[in-house]
Amino acid sequence: MKTKQNKTIKILLAVALMFTAFLIFGNTVHAKTKRSTYRTINGIYNSDGTIDTADGYCWKVRKESYAYPGTTVVTVKFNTHRTKNKLDDSVVNIVAKNRNIQLVNDYISRNYDLNAYKVKYINTGKLTDRMIRERATRHTIYVEIIKSVSAGGRHGTYGKNYYIAYNKRVRKGKHVTSYCVWNPCNSYCDDVEAVADNGKIR
């Protein structure tokens with residue numbers, strides 16, 4: 001009788017140990033495969049409001065939420081919702097790699113309704129007097145891109161000896177790209193309301 005009882009006890013103990021080991025192993029595997037809540041990845045923001053990320057996926061975002069030029073290199077932050085499938089991820093934040101473009105984006109997004117205005121980045125040589133005069137009626141925010149050479153200090157030159165002021169002192173001879181935001185609410189030919197360069201905006 002004792003022998004049968006001992007065998008039964010041994011069998012029950014063995015089953016209990018196997019079940020415990022299965023639970024521990026299962027939780028360990030689950031912990032290893034479980035994704036973190038957030039992930040970041042590089043990508044390209046396109047003018048149609050899509051983002052192509054480095055892992056080969058394409059994501060659609062609200063175009064009206066961002067004031068980036070087309071094909072802008074960005075870092076995208078996702079909420080994974082702790083699932084294994086990347087298609088379950090949702091975009092939390094987008095930041096341009098170019099600090100000056102991000103400053104322009106933040107300024108325009110904060111001050112204007114992007115459902116009511118179009119944002120166009122344009123090189124200074126292609127921005128015509130007519131575009132400047134008609135920007136209010138066309139509901140367009142022009143961001144003029146000026147590439148200059150520092151004259152030393154806080155000023156530089158471009159084109160036919162035009163001068164431009166910088167947001168900080170720059171070594172003489174250094175090339176600087178400035179982003180000038182034209183006020184879209186009037187047709188004045190001298191109403192640039194913000195300038196971003198050297199990682200600052202004024």
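Owing to the predicted nature of the structure, the values given are computational and were not obtained by experimental measurement. Residue numbers run from 1 in the order of the sequence given.
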side-chain contact (heavy atoms from CB on, under 4.5 Å) between Asn42 and Thr53, intermediate numbers included: CA-CA 6 Å; Asn42 291 335; Thr53 49; over 6 Å; no
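- No hydrogens or angles considered: nothing links the side chains of Trp59 and Thr50 as a donor-acceptor pair under 3.5 Å.
- Residues Val73 and Asn98 fail the side-chain proximity criterion, which asks for heavy atoms closer than 4.5 Å.
- Between Asn79 and the options Val91, Asp88, Thr37, a side chain to side chain contact (heavy atoms under 4.5 Å, CB included) holds for only Thr37.
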Apply side chain to side chain donor-acceptor pair (under 3.5 Å) to Trp182 and Glu193, showing your working.
CA-CA 6 Å; Trp182 284 81; Glu193 62 180 10; over 6 Å; no
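- Taking every heavy atom of both residues into account, Thr72 and Tyr68 meet most closely at OG1-CB, 3.8 Å.
- Judged by distance alone, the side chains of Asp197 and Asn100 never bring a donor and an acceptor atom under 3.5 Å apart.
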Can you give the donor-acceptor pairs under 3.5 Å from side chains of residues 60-67 to other protein atoms, not counting sequence neighbours?
unit_1 : atom_1 : unit_2 : atom_2 : d
Lys60  : NZ     : Asp48  : O      : 2.7
Arg62  : NH1    : Ser65  : OG     : 2.8
Lys63  : NZ     : Ser47  : O      : 3.1

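- Side-chain atoms of Asn123 never come within 3.5 Å of backbone atoms of Gly125 as a donor-acceptor pair (strictly under, hydrogens ignored).
- One distance of note links SG of Cys185 with NE2 of His139; it measures 10.5 Å at 0.5 Å rounding.
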Under the criterion side-chain contact (heavy atoms from CB on, under 4.5 Å), I'd like the reasoning laid out for Ile141 against Ile108: C-alpha separation, chi angles, the key distance, then a yes or no. CA-CA 9 Å; Ile141 302 172; Ile108 293 174; 3.8 Å; yes
For this session: Kindly indicate, with the supporting measurements, whether the criterion side-chain contact (heavy atoms from CB on, under 4.5 Å) is fulfilled by Thr40 and Phe78.
Result: CA-CA 6 Å; Thr40 57; Phe78 288 96; over 6 Å; no
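- Within the 4.5 Å cutoff, no side-chain heavy atoms of Val181 are placed close to those of Val192.
- The side-chain tip of Arg135 does not point at the ring of Tyr142 from less than 6.0 angstrom away and within 45° of straight on.
- One finds the NE2 atom of His155 at 14.5 Å from the NZ atom of Lys172 (value rounded to the nearest 0.5 Å).
- Other residues, nucleotides and ligands place more than 12 heavy atoms under 6.0 Å from the CZ atom of Arg110.
- Looking at Arg154, its side chain does come within 3.5 Å of a backbone N or O of Asn167 through a donor-acceptor pair.
- The aromatic rings of Tyr117 and Tyr112 stand perpendicular to each other, their planes meeting at an angle above 60°, with 30° marking the opposite boundary.
- Side-chain contact of Glu144 with Tyr121: a donor-acceptor pair under 3.5 Å is absent, judged by distance alone.
- Looking only at side-chain heavy atoms (C-beta outward), Thr140 and Pro184 stay at 4.5 Å or farther from each other.
- Nearest heavy-atom pair across Val95 and Asn93 is CG2-ND2, 3.5 Å.
- No side-chain N or O of Ser150 forms a donor-acceptor pair with one of Arg171 less than 3.5 Å apart.
- Within the 4.5 Å cutoff, the side chain of Arg39 has heavy atoms near those of the Lys86 side chain.
- Environment of CG in Asp129: sparse, with no more than 12 heavy atoms of neighbouring residues, nucleotides or ligands closer than 6.0 Å.
- Residues that satisfy the side chain to side chain donor-acceptor pair (under 3.5 Å) test with Asp191, not counting sequence neighbours, are Asn183, Asn186.
- If you chain together hydrophobic residues whose side chains sit under 4.5 Å apart, Val143 and Val74 fall into the same group.
- With Arg133 contributing its side chain and Tyr188 its backbone, the two residues share no donor-acceptor pair below 3.5 Å.
- Val176 is not listed as a side-chain neighbour of Val149, based on a closest heavy-atom distance of 4.5 Å or more.
- The shortest heavy-atom contact between His81 and Asp89 is CD2-CA, 4.4 Å.
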Evaluation steps, side-chain contact (heavy atoms from CB on, under 4.5 Å), between Leu114 and Val119:
CA-CA 8 Å; Leu114 292 178; Val119 179; 3.7 Å; yes
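- In this structure, Arg202 places its CZ atom where more than 12 heavy-atom neighbours from other residues, nucleotides or ligands lie under 6.0 Å away.
- In the hydrophobic clustering of ILVMFWY residues, with side-chain heavy atoms under 4.5 Å counting as a link, Leu103 and Tyr45 come out together.
- No chain of hydrophobic side-chain contacts below 4.5 Å, direct or via other Ile, Leu, Val, Met, Phe, Trp or Tyr residues, connects Tyr158 to Tyr163.
- The two atoms that bring Ala196 and Val104 nearest to each other are CB-CG2, 3.8 Å, heavy atoms only.
- Residues Ile101 and Pro69 approach most closely at CG2-CD, 3.8 Å, considering heavy atoms.
- In terms of modelled atom types and a separation under 3.5 Å, the side chain of Thr80 and the main chain of Thr83 share no donor-acceptor contact.
- Between Val195 and Tyr166 there is no side-chain heavy-atom pair separated by less than 4.5 Å.
- At a threshold of 4.5 Å between non-hydrogen side-chain atoms, the residues Thr75 and Lys97 count as touching.
- The closest side-chain donor-acceptor pair between Asp52 and Asn46 falls under 3.5 angstrom.
- Atom OG1 of residue Thr124 and atom NZ of residue Lys126 lie 12.0 Å apart, to the nearest 0.5 angstrom.
- When all heavy atoms of Ile132 and Cys189 are compared, the pair lying nearest together is CG2-CA, 4.0 Å.
- Taken together through direct or relayed side-chain contacts under 4.5 Å among Ile, Leu, Val, Met, Phe, Trp and Tyr, Ile94 and Ile41 form part of one hydrophobic cluster.
- Thr157 places no side-chain N or O within 3.5 Å of a backbone atom of Asn161 that could act as its donor or acceptor partner.
- In the model, Gln102 has a side-chain atom that pairs as donor or acceptor with a side-chain atom of Asp106 under 3.5 Å.
- To the nearest 0.5 Å, atoms CD1 (Ile122) and CG (Leu127) are separated by 5.0 Å.
- Relative to the ring axis of Tyr38, Lys77 places its NZ or CZ within 45° and under 6.0 Å from the centre.
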